[in-house]
Amino acid sequence: MFIRFLKFLMRWTQRIILITGLAALGVWLFYIGREHQIFLDNKSFEDYRPLEQVNVKINGGEVVELLPRERAVVKTVGAEFEFEAEIFGTDGKIIRTLGKIIKPAFSRDIMINLPALASGSDNYILPAPR
């Protein structure tokens, strides 16, 4: 009788481990396969003025050119993305180059304020516009 109980207990333990593993696999696949909309914002924010011109690449994709008071949307898939920006001055020459790896977590849409990011602020990620 005791051996029968141990077999029963072992079977249920294996089932619980299998179900827990499948649920964890589902959450992980959801996390790495999620599509994000990244809003790139070159508008004034708090004390930061818009930049003259910014060229942005997300994950090495197409270059998005933003002039003052413009906003663009880029879609990307994954748990994190590589952000590269070239900031131009009034004379049309590159002043700075920025590179970051950004992790949007479980939020689907985020907005990156480029003037705040270029100024070195930590508050450059904002909620997406509705």
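This one's a predicted model, so the numbers in the text were calculated from it and none came from an experiment.
Residues Leu40 and Leu114 share a closest heavy-atom pair of CB-CD1, 4.4 Å. Annotation for Val54 and Val56: closest pair CG1-CG2, 3.6 Å, computed over non-hydrogen atoms. Contact record, Val63 with Lys57: CG2-CG, 3.6 Å, taken as the closest heavy-atom pair.
Ring pair Phe45/Tyr48 is parallel by interplanar angle, where below 30° counts as parallel and above 60° as perpendicular.
Leu98 and Phe88 end up in different hydrophobic clusters when Ile, Leu, Val, Met, Phe, Trp and Tyr side chains are linked at under 4.5 Å. Ile58 and Ile102 fall within the same hydrophobic cluster, defined by Ile, Leu, Val, Met, Phe, Trp and Tyr side-chain heavy atoms under 4.5 Å apart, directly or through other members. Linking ILVMFWY residues whenever their side-chain heavy atoms come closer than 4.5 Å, directly or via other members, places Ile125 and Val74 in the same cluster. Residues Met111 and Tyr124 do not share a hydrophobic cluster, defined by chaining ILVMFWY side chains whose heavy atoms lie under 4.5 Å apart.
In this structure the side chain of Leu126 never reaches within 4.5 angstrom of the side chain of Ile110, judged on heavy atoms. Counting only heavy atoms from C-beta outward, the side chains of Ile87 and Ile94 never approach each other to under 4.5 Å. Contact check for Arg71 versus Pro129: side-chain heavy atoms found under the 4.5 Å cut-off. Looking at Phe39 and Gln37, their side chains come closer than 4.5 Å, going by heavy atoms from C-beta outward. At a threshold of 4.5 Å between non-hydrogen side-chain atoms, the residues Gln53 and Glu65 count as touching. Using a 4.5 Å heavy-atom threshold, the side chains of Leu25 and Trp28 count as touching. Side-chain contact check for Ile101 versus Phe81: every heavy-atom pair is 4.5 Å or farther apart. Between Phe83 and Ile112, the closest side-chain pair of non-hydrogen atoms falls below 4.5 Å.
The distance from atom CZ of Arg69 to atom CG of Leu51, rounded to the nearest 0.5 Å, is 12.0 Å.
Tested against Pro50 for a side chain to side chain contact (heavy atoms under 4.5 Å, CB included), the candidates Leu66, Asn113, Asp41, Asn42 yield a single pass: Asn42.
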